[in-house]
Undergrad: 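Before I ask anything, let me first share the structure, which is written out below as structure tokens.
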2 protein chains.
Amino acid sequence: MINKESPHKITVHDVAKKAGVSTATVSRVINNSDTVNNDLRIRVQTAINELGYRPNRAAYHLRSGKVKRVGVLFADIRNPFFTSVLAGIENYLHQADYALILGNSDENQKIERMQLQAFLDEGVAGIILSSVVNSSEQYQQVIEAGIPILAIDRVPDNLKVDSISINNIKAAKEATEHLINLGHKDIGFIGGPERISTAKLRKLGYLEALEKIPNSKPTIELGDFAQAGGYQATINLLSAHKDISALLVANNLMTLGALEAIHEKKILIPDQIALVGFDDMPWATSLQPPLTVVSQPTYDMGKIAARLLLDRIHNPDSPIQQVTLETHLVVRESCGGLNRDPFQ
Amino acid sequence: MINKESPHKITVHDVAKKAGVSTATVSRVINNSDTVNNDLRIRVQTAINELGYRPNRAAYHLRSGKVKRVGVLFADIRNPFFTSVLAGIENYLHQADYALILGNSDENQKIERMQLQAFLDEGVAGIILSSVVNSSEQYQQVIEAGIPILAIDRVPDNLKVDSISINNIKAAKEATEHLINLGHKDIGFIGGPERISTAKLRKLGYLEALEKIPNSKPTIELGDFAQAGGYQATINLLSAHKDISALLVANNLMTLGALEAIHEKKILIPDQIALVGFDDMPWATSLQPPLTVVSQPTYDMGKIAARLLLDRIHNPDSPIQQVTLETHLVVRESCGGLNRDPFQ
DNA sequence: AAAAAAGAAGTAATCGTTTACACTGACTTG
DNA sequence: CAAGTCAGTGTAAACGATTACTTCTTTTTT
């Protein structure tokens, strides 16, 4: 039988008594604030070790007002893009001895607001957010509470907060140019909802690239950034535009949907259609042919996001930072490439 | 300029003053413990609403000893299997007004221990854990602290805690039998590390199924449950055993590695090799041919896990539960199937 | 109708820390 | 050498909730 009596939680008083000092001194040793005589410091430290004392964070939080805890709120935690970012965030926060509170807004504005409220209740030092909506009102309450927000991936354009994102326009533009250089003239684009900044910008990049070829007519179908939406958008696009010879898909889940559609229509990659996806996901190399993709530095993005947020927490008045990371095109075999003449 | 003066945090005292009652009464209304006169209750409620009062959780936690917070510690949060489970957990916890603290042990025993310690420091009401190691000592400290653990997916066999997992033996057995029924005699198996209970059990299921065919010789290669490991194991297996006509891969990331290997060796699916994977991941339907898989109810597994843990938290002395969920085989086209005679 | 029990609300102690303030003795300084 | 600093420590008051106890009122019981 396990003894259910709790073995008396060890508090700062126990440590103080054992070391023969006051609780104030113990606290000073722990937080190494002020200076404390070296002998005492050692006595306190050994007392802490011998007792296996661990400070109560709730009391610390209550008294000092400080928290070592940040909230991470994503629009879709099942999207492997966010998962990878999340892994980066987790890694950095853990090393900094911060706890990570996770929330999922499921692309739903109402849930997002509730989750933010929950973060405030729980008491977080800051929030990493991939926002669902482009309006700044949604975040007013958090900002008034003085909790810093770091916008990741999706950046509401009228919100003055730190942010980290990729150069979406350039990324889509480069991918499109790659297809143009391979000789494609009829390039389709499967985009996402306009309310999401990344979706809007990627479409812009596609359009910019297309402007360079004369008489080009953009062929765009918008999905919902999910697999089923990608499938449907691709079916629509391919049915309405038989002359399409290349396709750029603006996120990874929709790319999976596009693949389903392409296979269903028995169109061959890359011979009958060239395909470029977004995000270098684990499965990209397992496809036949392997997929050419716009690779985003997802893991690093997470690490940097966490670092930026902690910087902001420790330094609330420093100037706002908007970090943009570069993507790079990973050329595999889904565009053929090697057997076409790039200079034609 | 935003007024940086914090607008005086509203406490239970403010509410009490506004409603003309004592703080005790306010507390009673909030926690609707004891009975309180209906007039007062209403007065307090309206005061709360008008002031926009939200209780301070740190103070609540400190005084009452209760927490609405659970820790989730996974071995690999980048594995989409866990991601999906995580989404289920998140959904349930959020609805129950619990916060989710996330940790990633990265298949590393030392990190796992540190993360558990961090959970204890942070103060969680319970922990959902996919353990890295099969030894119960790793978890002694948590158990002694009286924090309930719920083992998910991987269940250390000498640890007496609630658990939820799938019937791994049966799952692998059914998948193998499917291949046998299709006429395959030389079926390879790509497994995972023996220290992981799921890996061990799936191998067992494979072996059990194989016993039914006379003169069968198991062909097994073990990987690390990651993509690169799956690739290498498959290369090894296919190189050493040219007669293999079917392959069962014991987890989703290794399946991606296996696909790379198979494509690299220019072996055709399903004509030259039949393939069955574990976990019905989004990309399974996007492959050509679509992949036959053992489908695990990942999302529900997460929801049930969260429910079981909260049950345990609210009812510490109820008997331990070991829940096993059934999988089902999703037959697609990666085993051919339709053009082979199952009765040959 | 007096005594006992129950019900409703308030008072103040408490949870485990940090920290403002007070105190001590030693060291500078003019 | 008196007075002013200063570094090092202790005392006790916070932080914002819950809750054991007390107090007062009302109801029940005999």
Undergrad: Could A/Arg78 and B/Glu90 be called an ion pair, given the rule that one side-chain N must be under 4.0 Å from one carboxylate O?
TA: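 Between B/Glu90 and A/Arg78 there is no salt bridge, as every charged N stays at least 4.0 Å from the carboxylate O atoms.
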Undergrad: By the 4.0 Å heavy-atom rule, please label B/Arg28 as base, sugar-phosphate, or nothing.
TA: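 Answer is base: heavy atoms of B/Arg28 come under 4.0 Å of a base.
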Undergrad: Could you tell me how far apart B/Asp14 (CG) and D/dC15 (C1') are, to the nearest whole angstrom?
TA: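 It works out to 14 Å between those atoms.
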Undergrad: Starting at atom OH of A/Tyr53, determine the distance to atom P of C/dG16, rounded to an integer number of angstrom.
TA: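 Result: 10 Å.
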Undergrad: If you take all heavy atoms of B/His13 and B/Thr23, which pair is closest and at what distance?
TA: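 Smallest interatomic distance, heavy atoms only, reads CD2-CG2, 3.3 Å.
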Undergrad: What integer distance in Å separates A/Asn37:CG from D/dC6:C1'?
TA: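 One finds 15 Å between C1' of D/dC6 and CG of A/Asn37, rounded.
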Undergrad: Which residue, B/Leu62 or B/Ser22, contacts DNA chain C at a nucleotide closer to its 5' end, judged by nearest heavy atom?
TA: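 Checking each residue's closest nucleotide, the 5'-ward one belongs to B/Ser22.
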Undergrad: Find the distance A/His61:NE2 to D/dA14:C1' and express it as a whole number of Å.
TA: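 From A/His61 NE2 to D/dA14 C1': 15 Å.
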Undergrad: Do any side-chain nitrogens or oxygens of A/Asn31 fall under 4.0 Å of OP1 or OP2 in C/dT18?
TA: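 So the side-chain polar atoms of A/Asn31 do come within 4.0 Å of the phosphate oxygens OP1 or OP2 of C/dT18, strictly under.
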Undergrad: Using a 3.5 Å distance criterion without hydrogens, assess whether the side chain of B/Arg195 forms a donor-acceptor pair with backbone atoms of B/Val132.
TA: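 Confirmed, B/Arg195 side chain pairs with B/Val132 backbone.
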Undergrad: Evaluate the side-chain proximity of B/Asn104 to B/Phe82: yes if any heavy-atom separation is below 4.5 Å, no if none is.
TA: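 Not touching, per the 4.5 Å side-chain cut-off.
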Undergrad: What's the closest nucleotide to the side chain of A/Val21 if the choices are D/dG10, C/dT17, C/dG10?
TA: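 For A/Val21, the side-chain atoms sit closest to D/dG10.
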Undergrad: At under 4.0 Å between heavy atoms, what does B/Thr35 touch on the DNA or RNA strands: base, sugar-phosphate, or nothing?
TA: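 Result for B/Thr35 = sugar-phosphate.
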Undergrad: How would you label the contact of B/Ile30 with the nucleic acid (heavy atoms, under 4.0 Å): base, sugar-phosphate, or nothing?
TA: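 Here B/Ile30 touches no strand at all.
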Undergrad: Could you tell me whether the phosphate oxygens of C/dT18, OP1 or OP2, come under 4.0 Å of any side-chain nitrogen or oxygen in A/Ser27?
TA: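 Affirmative; the distance criterion is met.
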Undergrad: Taking all non-hydrogen atoms of both residues, which atom of A/Ala99 and which atom of B/Ile101 are closest, and how far apart?
TA: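 Smallest interatomic distance, heavy atoms only, reads CB-CG2, 4.1 Å.
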Undergrad: C/dC15 C1' sits how many Å from A/Tyr60 OH, rounded?
TA: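 One finds 18 Å between C1' of C/dC15 and OH of A/Tyr60, rounded.
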Undergrad: Across the strands shown, which category fits A/Val36 at heavy-atom distances under 4.0 angstrom: base, sugar-phosphate, nothing?
TA: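 Sugar-phosphate, no base atom in range.
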Undergrad: How many Å lie between CZ on B/Arg43 and P on C/dA9, as a whole number?
TA: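 Those two atoms, CZ and P, are 9 Å apart.
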Undergrad: Measure from NZ on A/Lys68 to P on C/dT18 and round the result to the nearest Å.
TA: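 From A/Lys68 NZ to C/dT18 P: 12 Å.
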Undergrad: Where each residue is assigned the nucleotide of DNA chain D containing its nearest heavy atom, which of A/Asn38 and A/Thr23 is assigned the position nearer the 5′ end?
TA: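 The answer here is A/Asn38.
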Undergrad: Between B/Arg154 and B/Asp76, does any side-chain N to carboxylate O distance fall below 4.0 Å?
TA: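 Not counted as a salt bridge, because no side-chain N and carboxylate O are separated by less than 4.0 Å.
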Undergrad: For B/Asn32 and D/dT18, what is the distance between atoms CG and P respectively, to the nearest whole Å?
TA: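 Going from CG in B/Asn32 over to P in D/dT18 covers 12 Å.
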Undergrad: When all nucleic acid strands are considered with a 4.0 Å heavy-atom cut-off, which category describes A/His13: base, sugar-phosphate, or nothing?
TA: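 Base, at least one base heavy atom under 4.0 Å.
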Undergrad: Between D/dT18 and B/Arg63, counting only base atoms on the nucleotide and side-chain atoms on the residue, is there a donor-acceptor pair under 3.5 Å?
TA: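 Looking at the base of D/dT18, it does pair with a donor or acceptor on the side chain of B/Arg63 (distance under 3.5 Å).
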Undergrad: What does B/Thr25 touch in the nucleic acid at a heavy-atom separation under 4.0 angstrom: a base, only the sugar-phosphate, or nothing?
TA: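 The answer is sugar-phosphate, as B/Thr25 gets under 4.0 Å only of primed atoms, P, OP1 or OP2.
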Undergrad: Please work out if B/Val26 contacts a base, only the sugar-phosphate, or nothing of the nucleic acid, heavy-atom cut-off 4.0 Å.
TA: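 The residue B/Val26 makes no contact with any strand.
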